[in-house]
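Note that the structure is predicted; figures quoted are calculated from it, not measured. Just so you know, ligand 1 is whichever comes first in the structure, and atom 1 is the first atom listed for that ligand.
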Amino acid sequence: MKFTAVASTAALVAAVTADPIGHGWQAPKPGYSRSPCPMLNAIANHGYISRNGKNISLPELQNGFKEGVNFVADILTQVGNIALTISTTGNASTFNLHDLGAHNVIEHDGSLSRKDMYFGDQVPFDQATWKTTVSQMTGPTVPIATAGKIRLNRLAAAQAANPEFTLNDLGTQASVADTALYQIALGDMVNGNPKTKYVKILFEQERIPFNEGYKRKDDPITQEKLDAVIAQVAAVV
Ligand code: HEM
Ligand SMILES: *[C@@H]1O[C@H](CO)[C@@H](O)[C@H](O)[C@H]1NC(C)=O
Ligand SMILES: *[C@@H]1O[C@H](CO)[C@@H](O)[C@H](O)[C@H]1NC(C)=O
């Protein structure tokens, strides 16, 4: 009996320490800044950027995504510079994660896991919105064709429900990119198709699923590779 107790404790420790050394997942503490982006929040929850989500510079963002999920720096440059334009830190070279909630800059209506601003706070994870999204992820993986369809279904539902629904050009690009980003980050670099389990962990726990077998890619994710996945998502009708 004693042996069983020790063995299961060891198993628990092994599971917890499967996160990379120094980058164990920790839930955000009160006062930490978090964004409408599940991956940015996960990168902070693993300490690849400041765990408090505050005063993030572009180089810090670039290093964090490189270390955590092997995205090349230039993918972050454009979106990072847009983030700096809506900064509330008082330092034009940094932003807080929560600043990214500014409506119709990057944040947009028709998110997969967030309310439209018309219905309440658009920044935190919203269980009801996500429930509708995840109910369409019925297989062991989420193919790009399915992910693209889920995105379009959400936009149609948001448009029907929200009398103030808007999606500007940048919002449209962001909506397509959001889907492409989770596909390429968690799935294959060419064909996406991540495990459904990984997608759920990213959205529901804002955690990178290292403990479940996710491996940081050896080859960096480049803009060219991301653009090819974006094109596949955009082609879904
Ligand atoms: C590995 C890189 C990234 C991945 C996998 C990723 C993933 C995602 C996903 C899946 C969403 C959609 C959330 C939803 O619709 O409910 C999202 C939204 C968002 N992301 Fe990221 N993201 C990444 C990098 C970034 C970066 C670098 C920034 C900015 C500095 C950013 C800013 C945002 C913002 C502002 C939203 C909210 C858009 C909305 O209204 O839904 N993301 N991201
Ligand atoms: C962020 O920067 C501001 C302004 O420079 C500073 O007052 C604040 O203490 C910093 N916060 C953190 C958590 O580093
Ligand atoms: C603004 O932030 C940058 C990047 O973190 C930092 O190097 C610089 O010292 C900060 N400036 C001030 C005035 O705090």
Next on the checklist: I'd like to know if the side chain of Q223 pairs up with that of D227 as donor and acceptor (distance under 3.5 Å, no hydrogens or angles considered).
Outcome noted: yes
Checklist outcome for this item: ligand 2 atoms nearer than 4.0 angstrom to some heavy atom of N52 are 13 (C)
Checklist entry - Are E212 and R207 within salt-bridge range, i.e. N to O under 4.0 Å? => result yes
Next on the checklist: Considering non-hydrogen atoms of the protein only, which is the closest contact for atom 21 (Fe) of ligand 1, and what is the distance?
Outcome noted: C37 SG, 2.3 Å
Item to check | H46/F210 aromatic ring centres below 6.0 Å | outcome: yes
Checklist entry - Within a strict 4.5 Å, meaning less than it, do heavy atoms of the V142 and N193 side chains meet? => result no
Checklist entry - Which atoms of ligand 1 are found less than 4.0 Å from any heavy atom of E107? => result 38 (C), 40 (O)
Checklist entry - Looking at atom 14 (O) of ligand 2, is any protein heavy atom nearer than 4.0 Å to it? => result yes
Item to check | Proximal ligand 1 atoms for F71, defined as those under 4.0 Å from one of its heavy atoms | outcome: 1 (C), 2 (C)
Checklist outcome for this item: Logged contact type for I184 with ligand 1, heavy-atom cut-off 4.0 Å, is neither
Checklist entry - Are any of the N/O atoms in N91 less than 3.5 Å from those in ligand 3? => result yes
Checklist entry - So, D178 and H108: side-chain donor and acceptor under 3.5 Å apart, yes or no? => result yes
Checklist entry - Are any non-hydrogen side-chain atoms of L84 and N81 less than 4.5 angstrom apart? => result yes
Next on the checklist: Quiz question: by atom type and distance under 3.5 Å, do the side chains of N153 and Q136 form a donor-acceptor pair?
Outcome noted: yes
Checklist entry - Quick one: do the S35 and N41 side chains pair a donor with an acceptor below 3.5 Å? => result yes
Item to check | Option of least heavy-atom distance to atom 39 (C) of ligand 1 (set: A147, A177, S111, G80) | outcome: S111
Next on the checklist: I need the nearest protein heavy-atom contact for atom 4 (C) of ligand 2: residue, atom name and distance, please.
Outcome noted: T89 O, 3.8 Å
Checklist entry - Considering only protein heavy atoms, which is closest to atom 40 (O) of ligand 1, and at what distance to one decimal place? => result H108 N, 2.8 Å
Checklist entry - Can you list the ligand 1 atoms lying under 4.0 Å from a non-hydrogen atom of L76? => result 27 (C)
Item to check | 4.5 Å side-chain heavy-atom contact, K217 and V69 | outcome: no
Checklist entry - Is there a donor in the side chain of S57 and an acceptor in the side chain of T94, or the other way round, less than 3.5 Å apart? => result no
Checklist outcome for this item: The protein heavy atom nearest to atom 6 (C) of ligand 1 is M39 CB, 3.5 Å
Checklist entry - Is S113 close to ligand 1, meaning an N/O of one under 3.5 Å from an N/O of the other? => result yes
Checklist entry - With a 4.0 Å cut-off on heavy atoms, is F203 touching ligand 1? => result yes
Checklist entry - Counting heavy atoms only, which part of L40 comes closer than 4.0 Å to ligand 1: side chain, backbone, both or neither? => result side chain
Next on the checklist: With a 4.0 Å cut-off on N to O distance, would you call D126 and R114 a salt bridge?
Outcome noted: no
Next on the checklist: Just to confirm my output: which protein heavy-atom neighbour is closest to atom 2 (C) of ligand 1, and how far is it?
Outcome noted: F65 CE2, 3.1 Å
Checklist entry - Within a distance of under 4.0 Å, is there any protein heavy atom near atom 2 (O) of ligand 2? => result yes
Item to check | Where ligand 1 meets L100 - atom numbers and elements under 4.0 angstrom, heavy-atom basis | outcome: 35 (C)
Checklist outcome for this item: Out of N55, T94, I56, N96, the nearest non-hydrogen contact to atom 11 (N) of ligand 2 is supplied by N55
Next on the checklist: Just to confirm my output: which protein heavy-atom neighbour is closest to atom 18 (C) of ligand 1, and how far is it?
Outcome noted: D178 OD1, 3.4 Å
Checklist entry - Between S175 and R151, is any side-chain donor less than 3.5 angstrom from a side-chain acceptor? => result yes
Checklist entry - P38: heavy atom below 4.0 Å from ligand 1, yes or no? => result yes
Checklist entry - Do the charged groups of K225 and D188 touch, with an N to O distance under 4.0 Å? => result no
Checklist entry - Got an N/O contact under 3.5 Å between L112 and ligand 1? => result yes
Item to check | Nearest option to atom 37 (C) of ligand 1, as decided by whichever heavy atom of G171, S35, P36 sits closest | outcome: P36
Checklist entry - Is any side-chain heavy atom of L100 closer than 4.5 Å to a side-chain heavy atom of P36? => result yes
